[in-house]
Number of protein chains: 2
Amino acid sequence: MELDQLTECYKAMADKTRLNILALLRHEELCVCELVEILKMTQPSISQHLRKLKQARLVKERRSSQWIFYSIDGEIYPFIKANIEALPDLSHKIEELKASGGKVCC
Amino acid sequence: MELDQLTECYKAMADKTRLNILALLRHEELCVCELVEILKMTQPSISQHLRKLKQARLVKERRSSQWIFYSIDGEIYPFIKANIEALPDLSHKIEELKASGGKVCC
DNA sequence: ATTTTATATAAACATATGGTTATATACTAA
DNA sequence: TTAGTATATAACCATATGTTTATATAAAAT
């Protein structure tokens with residue numbers, strides 16, 4: 001893997017919000033508004049972080065009617081994937097969202 | 001591992017020069033002036049990159065008379081270490097330096 | 001002691017980055 | 001067709017980052 005491409009990957013991971021997003025998507029695909037709800041950040045901010053992750057090919061998107069669901073891109077290099085799997089377990093955040101009726105959607 | 005600490009690690013790796021440094025140190029310890037020579041960059045620039053890598057605990061230093069030798073920190077988290085081992089092989093750069101008589105030192 | 005060599009630090013500057021507010025687009029529902 | 005919902009993009013701003021030049025420090029050599 002080339003250094004330029006690697007640098008882009010690590011740049012994409014070099015932000016706490018984006019690591020949080022990756023840590024959440026590790027459990028299941030989520031749409032933008034769910035991430036907004038969980039991370040308590042504005043929608044444009046989340047969208048721009050997702051764009052960076054997408055450009056670095058760490059996540060992919062899937063449109064379903066009004067929503068766009070993001071998930072970890074399966075094509076990721078194995079050692080990058082290992083990094084994502086080493087992120088903290090945030091499944092409780094998703095559980096909270098479901099419990100509060102905020103899931104699927106919005 | 002905490003997200004803040006992880007973010008610092010990835011920030012440290014989110015730069016092409018620093019990835020080059022890590023890729024070189026993967027093979028053997030090097031002093032600042034050797035890195036300057038190999039990477040064709042100014043000494044203060046290299047020094048500041050090394051400081052970031054040191055702050056993120058990716059590298060450690062060892063003083064030997066006038067020189068300060070940098071190397072990969074052995075205490076690194078395993079999956080971070082795997083990242084460094086996945087970096088391109090730059091041993092030829094070190095060989096070139098040795099061939100040109102630029103090694104140990106300066 | 002003075003000079004030289006190796007490295008670190010500081011100051012200054014240009015560019016990159018992340019957040020906010022406002023607006024545009026895409027789809028849904030009425 | 002119009003209104004509403006979900007998301008993206010643009011413009012703006014404050015802060016962070018990387019590079020350069022200049023200077024400081026530390027050890028070695030003379």
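Side chains are part of it too, since the values below use all heavy atoms of this structure and drop only hydrogens, waters and symmetry mates. Chain letters run A, B, ... following the sequence lines, proteins first, then strands; residues in each count from 1.
Between the CD atom of B:E37 and the P atom of C:dA6 there is a distance of 11 Å, rounded to whole Å. Distance B:E34 CD to C:dT7 C1': 13 Å, rounded to the nearest Å. Rounded to an integer number of Å, the gap from CD of B:E61 to P of C:dA8 is 6 Å.
By the side-chain contact (heavy atoms from CB on, under 4.5 Å) test, B:D89 pairs with B:R26, B:H27, B:S91, sequence neighbours left out. Here A:V36 pairs with A:V32, A:Q43, A:I46 under the side-chain contact (heavy atoms from CB on, under 4.5 Å) rule; sequence neighbours left out. In this structure A:E95 satisfies the side-chain contact (heavy atoms from CB on, under 4.5 Å) test together with A:K98, sequence neighbours excluded. Annotation: salt bridge (charged side-chain N to carboxylate O under 4.0 Å, His left out) contacts of A:E8 (sequence neighbours excluded): none. Residues satisfying the side-chain hydrogen bond (donor to acceptor under 3.5 Å, both in side chains) test with A:S45, not counting sequence neighbours, are none. B:K16 pairs by the side-chain contact (heavy atoms from CB on, under 4.5 Å) definition with A:L3, A:D4, A:T7, B:N20, not counting sequence neighbours. With sequence neighbours left out, the salt bridge (charged side-chain N to carboxylate O under 4.0 Å, His left out) criterion links A:R62 to A:E29. A:R63 meets the salt bridge (charged side-chain N to carboxylate O under 4.0 Å, His left out) test with no other residue; sequence neighbours excluded.
The salt bridge (charged side-chain N to carboxylate O under 4.0 Å, His left out) pairs that include a residue from residues 44-55 of chain A are A:K54-A:E61, where partners are two or more places apart or lie in different chains.
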Self-check item: Base-contact (B) and sugar-phosphate-only (S) positions in nucleotides 25-30 of chain C, heavy-atom cut-off under 4.0 Å, - elsewhere
Solution: -SSS--
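For the segment residues 41-55 of chain B, the set of residues with a heavy atom within less than 4.0 Å of an atom of DNA chain D comprises B:M41, B:T42, B:P44, B:S45, B:Q48, B:H49, B:K52, in numerical order. A heavy atom closer than 4.0 Å to some atom of DNA chain C occurs in A:K11, A:D15, A:T17, A:R18, these being the qualifying members of residues 11-30 of chain A.
The side chain of B:Y70 places no N or O atom within less than 4.0 Å of a non-bridging phosphate oxygen (OP1 or OP2) of C:dA6.
Shortest non-hydrogen contact noted between B:F69 and B:C31 is CD2-N, 3.7 Å.
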